[in-house]
Amino acid sequence: MASALARAPGSSGELRSFPFRPRCAAGDVRAKRAADVPILVPLDLIRPTQVAVGMKAVAAKREKVETRFAKPKKFRAFLEKRPIPAVLGPGDAFYIIDHHHLSLALWQSDVEEAFVRVVGDLSALRRPSFWRVMAETGWVHPFDEAGRKVCLSELPAALHALRPDPFRDLAWSVREEGGFEKSVAPYAEFQWAQHFRERIGVSSVRRTYERALERALRLARAADARHLPGFIGD
């Protein structure tokens with residue numbers, strides 16, 4: 001049986017084994033995709049398609065993950081209900097297009113594998129063509145932790161290289177407080193993060209987070225946020 005093992009940098013060396021089903025060989029991925037069945041994939045094969053995440057959201061996900069360790073069957077069910085959507089790319093790497101926070105939380109929790117749902121197969125393309133299609137489809141978000149666009153070559157090569165963005169934290173906190181609704185729009189919280197970034201100083205977010213959150217909640221209800229996904233208003 002495949003297992004989830006401790007291996008994250010700085011881990012305690014503790015071995016955690018979960019009774020997952022055997023992972024798919026590379027040749028089985030396409031059959032699993034056709035059957036719309038989640039695939040068990042080593043986190044080392046997962047590649048991010050964004051640069052930054054909110055570490056508060058990662059911490060919240062990590063808490064949910066680790067509270068389920070005592071009951072392996074529930075932990076497996078938890079992950080199977082939350083397959084990570086990914087595109088199969090060159091070299092049969094899995095480029096995830098959502099659930100970056102959950103993926104990083106699993107890495108930080110010393111989990112070695114996760115369930116992935118392949119939503120596209122671009123593995124036959126050369127890298128330049130692969131990235132062109134990813135960009136045209138809206139499956140990549142090449143903006144750094146300061147909201148600046150970066151070259152695709154600057155995307156993190158692994159989950160642990162994702163960078164902290166304080167404004168992604170702020171957007172997550174505002175949504176948790178009911179400032180806007182969860183949206184299926186691509187990169188919705190990035191749009192909110194950028195909205196706050198343009199109106200609140202980064203030093204305020206880092207030094208007086210609660211005060212910055214109060215201001216962001218007011219901004220989320222203001223008329224000039226009406227165009228953002230999940231806008232509620234007053």
Side-chain angles (χ1 to χ4, degrees), residues 2 4-11 20 23-34 36-55 57-58 61-62 65 79-80 82-165 168 186-190 193:
L5 308 178
R7 58 88 190 91
S11 72
F20 291 163
R23 75 169 72 102
C24 286
D28 298 330
V29 170
R30 290 158 188 83
K32 292 289 186 181
R33 181 197 172 200
D36 197 29
V37 175
I39 304 161
L40 189 61
V41 172
L43 289 177
D44 289 338
L45 296 184
I46 284 179
R47 302 289 180 265
T49 56
Q50 64 190 51
V51 177
V53 292
M55 290 301 173
V58 172
K61 296 284 186 185
R62 182 172 178 177
V65 165
L79 292 184
E80 283 195 294
R82 296 163 180 80
I84 301 165
V87 175
L88 194 64
D92 288 330
F94 294 84
Y95 291 83
I96 62 173
I97 60 174
D98 201 358
H99 295 358
H100 285 75
H101 292 85
L102 173 60
S103 300
L104 182 55
L106 291 170
W107 176 278
Q108 291 182 350
S109 299
D110 299 337
V111 176
E112 192 176 62
E113 297 164 323
F115 288 99
V116 167
R117 189 181 304 279
V118 177
V119 300
D121 184 356
L122 303 178
S123 58
L125 297 179
R126 294 180 180 271
R127 290 193 181 276
S129 298
F130 167 76
W131 285 117
R132 185 180 68 251
V133 173
M134 290 287 284
E136 291 172 350
T137 313
W139 281 341
V140 61
H141 190 75
F143 293 85
D144 68 11
E145 68 276 19
R148 298 169 300 208
K149 191 168 186 179
V150 299
C151 295
L152 293 172
S153 60
E154 295 182 55
L155 288 171
L159 290 170
H160 63 82
L162 284 163
R163 305 177 198 167
D165 179 354
R168 283 290 281 112
Y187 305 106
E189 289 194 23
F190 277 100

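Owing to the predicted nature of the structure, the values given are computational and were not obtained by experimental measurement.
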Please report the closest heavy-atom contact between [X] and [Y], naming both atoms and the distance.
| X | Y | result |
| --- | --- | --- |
| His99 | Pro83 | CD2-O, 3.4 Å |
| Ser109 | Arg62 | OG-CG, 3.1 Å |
| His101 | Gly54 | NE2-N, 3.0 Å |
| Val150 | Phe143 | CG2-N, 4.3 Å |
| His100 | Thr49 | NE2-N, 3.1 Å |
| Leu125 | Pro90 | O-CG, 3.5 Å |

For this session: For residues Tyr95 and Phe130, establish whether the separation of their ring centroids is below 6.0 Å.
Result: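 Yes, ring centres under 6.0 Å apart.
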Rounded to the nearest 0.5 Å, what separation is found between the [atom1] atom of [X] and the [atom2] atom of [Y]?
| X | Y | atom1 | atom2 | answer |
| --- | --- | --- | --- | --- |
| Trp139 | Ile96 | CH2 | CD1 | 14.0 Å |
| His160 | Gln108 | NE2 | CD | 11.5 Å |
| Phe94 | Ile84 | CZ | CD1 | 11.0 Å |
| Leu79 | Leu106 | CG | CG | 5.5 Å |
| Glu112 | Leu40 | CD | CG | 9.5 Å |
| Phe190 | Gln50 | CZ | CD | 3.5 Å |

Exercise. Under a 4.5 Å cut-off applied to non-hydrogen side-chain atoms, are Asp44 and Trp107 in contact?
Worked result: yes
Exercise. Would a 4.5 Å heavy-atom cut-off, applied to side chains only, mark Asp92 and Leu45 as touching?
Worked result: no
Exercise. Under the side chain to side chain contact (heavy atoms under 4.5 Å, CB included) criterion, do Leu162 and Val51 qualify, and how do the steps go?
Worked result: CA-CA 6 Å; Leu162 284 163; Val51 177; 5.9 Å; no
For this session: Carefully, step by step, assess Val133 and Val87 under the rule side chain to side chain contact (heavy atoms under 4.5 Å, CB included).
Result: CA-CA 11 Å; Val133 173; Val87 175; over 6 Å; no
Exercise. If you look only at pairs with a residue in residues 148-159, which of them pass as a salt bridge (Lys or Arg N to Asp or Glu O under 4.0 Å), with sequence neighbours excluded?
Worked result: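 Sorted result for residues 148-159: Asp144-Arg148.
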Exercise. Is Arg82 positioned over the aromatic face of Phe115, cation under 6.0 angstrom from the ring centre and no more than 45 degrees off axis?
Worked result: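 No, a cation-pi geometry is absent between Arg82 and Phe115.
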Exercise. Among all residues two or more places apart in sequence or in another chain, which pass the side-chain hydrogen bond (donor to acceptor under 3.5 Å, both in side chains) test with Arg163?
Worked result: Glu145
Exercise. What pairs with Arg117 under salt bridge (charged side-chain N to carboxylate O under 4.0 Å, His left out), at least two apart in sequence or on another chain?
Worked result: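 Scan of Arg117 (salt bridge (charged side-chain N to carboxylate O under 4.0 Å, His left out), adjacent residues dropped) gives Asp36.
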